[in-house]
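Comments concern the structure below.
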Amino acid sequence: GLWFAALSADVWAADLPGEELLTNRSFESVGPLGPVIYAYKGWTVRKGLVAGGWAGLPCGPEAVIEMIQGESAHSGNAFMRISSGSQSPEVFSEPFYQTAPGMCFEVSVWARGNGRGSLFAYEYGDGIMGGRYVRSFDLTPEWNQHSGIYFPDGRCKQIRFVLRTLPGSTADYDDLGMVKLR
């Protein structure tokens, strides 16, 4: 459906346990790199296309992102390929998601490639901003699902879901999920 083509006010109010929080989870909504101040700064963005509702932290010229359309996606017609050099490129969800003490999230992704990929989360709160690995995994030539349960720090007020590709790796990512649990 077209529900993920644009962010809606409903995303900000998502608070039901078990509700899928991420938009454009399968990267089917793809467009030109827009004027987001820091998105993918310094990256090589092949074909000039990025996934709607996702952004990249500045990483340097060795990082490459490519939206692949029309071939061998896990589902649908598109997937994201992230290649790293000596740094770990990060692609993260927009917008921020609200959290509170006692909440946890199940995060998942279908991935393939070579080297190592990971699921990561950034935490934001009063005077804190940090990241934590939810799960790191070896990449294989076949699509495999990787998931983990993430418990934010008690001081955390907001989170972002992050895909990382560890140094020297190339990862294809598709069909992401972040579900709030209680």
Side-chain angles (χ1 to χ4, degrees), residues 1-31 33-34 36-40 49-57 65 67-68 73-82 88-112 117-126 128-137 143-165 171-182:
L2 299 174
W3 63 270
F4 53 76
L7 295 177
S8 69
D10 297 337
V11 172
W12 298 98
D15 63 359
L16 300 174
E19 182 177 357
E20 177 58 57
L21 298 178
L22 298 177
T23 60
N24 196 19
R25 308 174 41 232
S26 298
F27 305 123
E28 297 300 308
S29 176
V30 174
L33 179 61
V36 177
I37 295 168
Y38 54 84
Y40 308 106
L49 298 175
V50 295
W54 294 86
L57 285 176
I65 184 171
M67 298 310 304
I68 312 269
H74 178 259
S75 71
N77 191 45
F79 62 92
M80 182 184 293
R81 177 169 290 156
I82 304 171
S88 292
E90 299 176 345
V91 173
F92 56 94
S93 63
E94 297 280 10
F96 293 86
Y97 295 94
Q98 304 302 314
T99 187
M103 279 186 190
C104 68
F105 299 84
E106 180 178 22
V107 294
S108 64
V109 67
W110 284 85
R112 69 177 179 194
S118 73
L119 299 171
F120 197 78
Y122 271 117
E123 301 178 340
Y124 304 85
D126 298 332
I128 66 161
M129 188 202 111
R132 293 197 303 159
Y133 283 98
V134 178
R135 173 138 189 216
S136 292
F137 45 86
W143 288 108
N144 287 294
Q145 187 176 34
H146 305 279
S147 63
I149 303 294
Y150 163 63
F151 293 88
D153 179 288
R155 302 170 297 155
C156 180
K157 305 253 191 286
Q158 299 179 97
I159 62 169
R160 280 179 161 165
F161 177 98
V162 182
L163 290 170
R164 270 191 153 182
T165 302
D172 294 345
Y173 292 118
D174 203 354
D175 297 326
L176 288 72
M178 184 170 79
V179 175
K180 187 184 305 185
L181 306 174
R182 288 233 185 252

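Worth knowing before you read on, the calculation uses all heavy atoms, side chains too, and leaves out hydrogens, waters and symmetry mates. Model, not experiment: these values are computed from the prediction.
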Query - Test side chain to side chain contact (heavy atoms under 4.5 Å, CB included) applied to Val91 - qualifying residues, sequence neighbours left out - result: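 Expected list: Tyr40, Trp43, Trp54, Ile65, Met80, Ile82.
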Query raised in the report: Any side-chain heavy atom of Arg132 sitting closer than 4.5 Å to one from Tyr150?
Result: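 Yes, their side chains come closer than 4.5 Å.
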Query - Min side-chain heavy-atom separation Phe105-Leu21 under 4.5 Å - result: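 Yes. Closest side-chain heavy atoms under 4.5 Å.
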Hey, is the main chain of [Y] close enough, under 3.5 Å, to the side chain of [X] for a donor-acceptor pair?
| X | Y | answer |
| --- | --- | --- |
| Tyr173 | Leu163 | no |
| Thr165 | Ala171 | no |
| Arg25 | Leu176 | yes |
| Asn24 | Ser29 | yes |
| Glu19 | Lys180 | no |
| Arg135 | Ser147 | yes |

Query raised in the report: Cation over ring, Arg164 on Phe120, under 6.0 Å and within 45°?
Result: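 Arg164 over Phe120 ring: yes.
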Considering all heavy atoms of both residues, which atom of [X] and which atom of [Y] are nearest to each other, and what is their separation?
| X | Y | result |
| --- | --- | --- |
| Ala78 | Ala73 | O-CB, 3.7 Å |
| Leu22 | Gly177 | CD1-C, 3.7 Å |
| Ala51 | Phe27 | CB-CD2, 3.5 Å |
| Leu57 | Glu90 | CD1-OE1, 2.6 Å |
| Ile68 | Arg81 | CD1-NH1, 3.7 Å |

Query raised in the report: Going by an N to O cut-off under 4.0 Å, is there a salt bridge joining Arg155 and Asp126?
Result: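 So Arg155 does not pair with Asp126 through a salt bridge.
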Nearest-0.5 Å distance that lies between atom [atom1] in [X] and atom [atom2] in [Y]:
| X | Y | atom1 | atom2 | answer |
| --- | --- | --- | --- | --- |
| Asp175 | Ser108 | CG | OG | 8.5 Å |
| Leu181 | Phe151 | CG | CZ | 8.0 Å |
| Gln158 | Glu123 | CD | CD | 12.0 Å |
| Asp174 | Ser26 | CG | OG | 5.0 Å |
| Gln98 | Cys156 | CD | SG | 9.5 Å |
| Thr99 | Asp153 | OG1 | CG | 10.0 Å |

Requested in this report: Could you walk me through whether Phe79 and Arg112 pass side-chain contact (heavy atoms from CB on, under 4.5 Å), step by step?
Outcome: CA-CA 11 Å; Phe79 62 92; Arg112 69 177 179 194; 3.3 Å; yes
Query raised in the report: Do the ring planes of Trp110 and His74 sit parallel (below 30°), tilted (30 to 60°) or perpendicular (above 60°)?
Result: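 Aromatic pair Trp110/His74 classed parallel.
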Query raised in the report: Do the ring planes of Tyr124 and Tyr122 sit parallel (below 30°), tilted (30 to 60°) or perpendicular (above 60°)?
Result: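 Aromatic pair Tyr124/Tyr122 classed tilted.
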Query - Qualifying salt bridge (Lys or Arg N to Asp or Glu O under 4.0 Å) pairs, either residue in residues 95-108, two or more places apart - result: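 Non-adjacent pairs meeting salt bridge (Lys or Arg N to Asp or Glu O under 4.0 Å): zero.
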Query raised in the report: Sequence neighbours excluded, which residues qualify as side-chain hydrogen bond (donor to acceptor under 3.5 Å, both in side chains) partners of His146?
Result: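 By the side-chain hydrogen bond (donor to acceptor under 3.5 Å, both in side chains) rule, His146 matches no residue at all.
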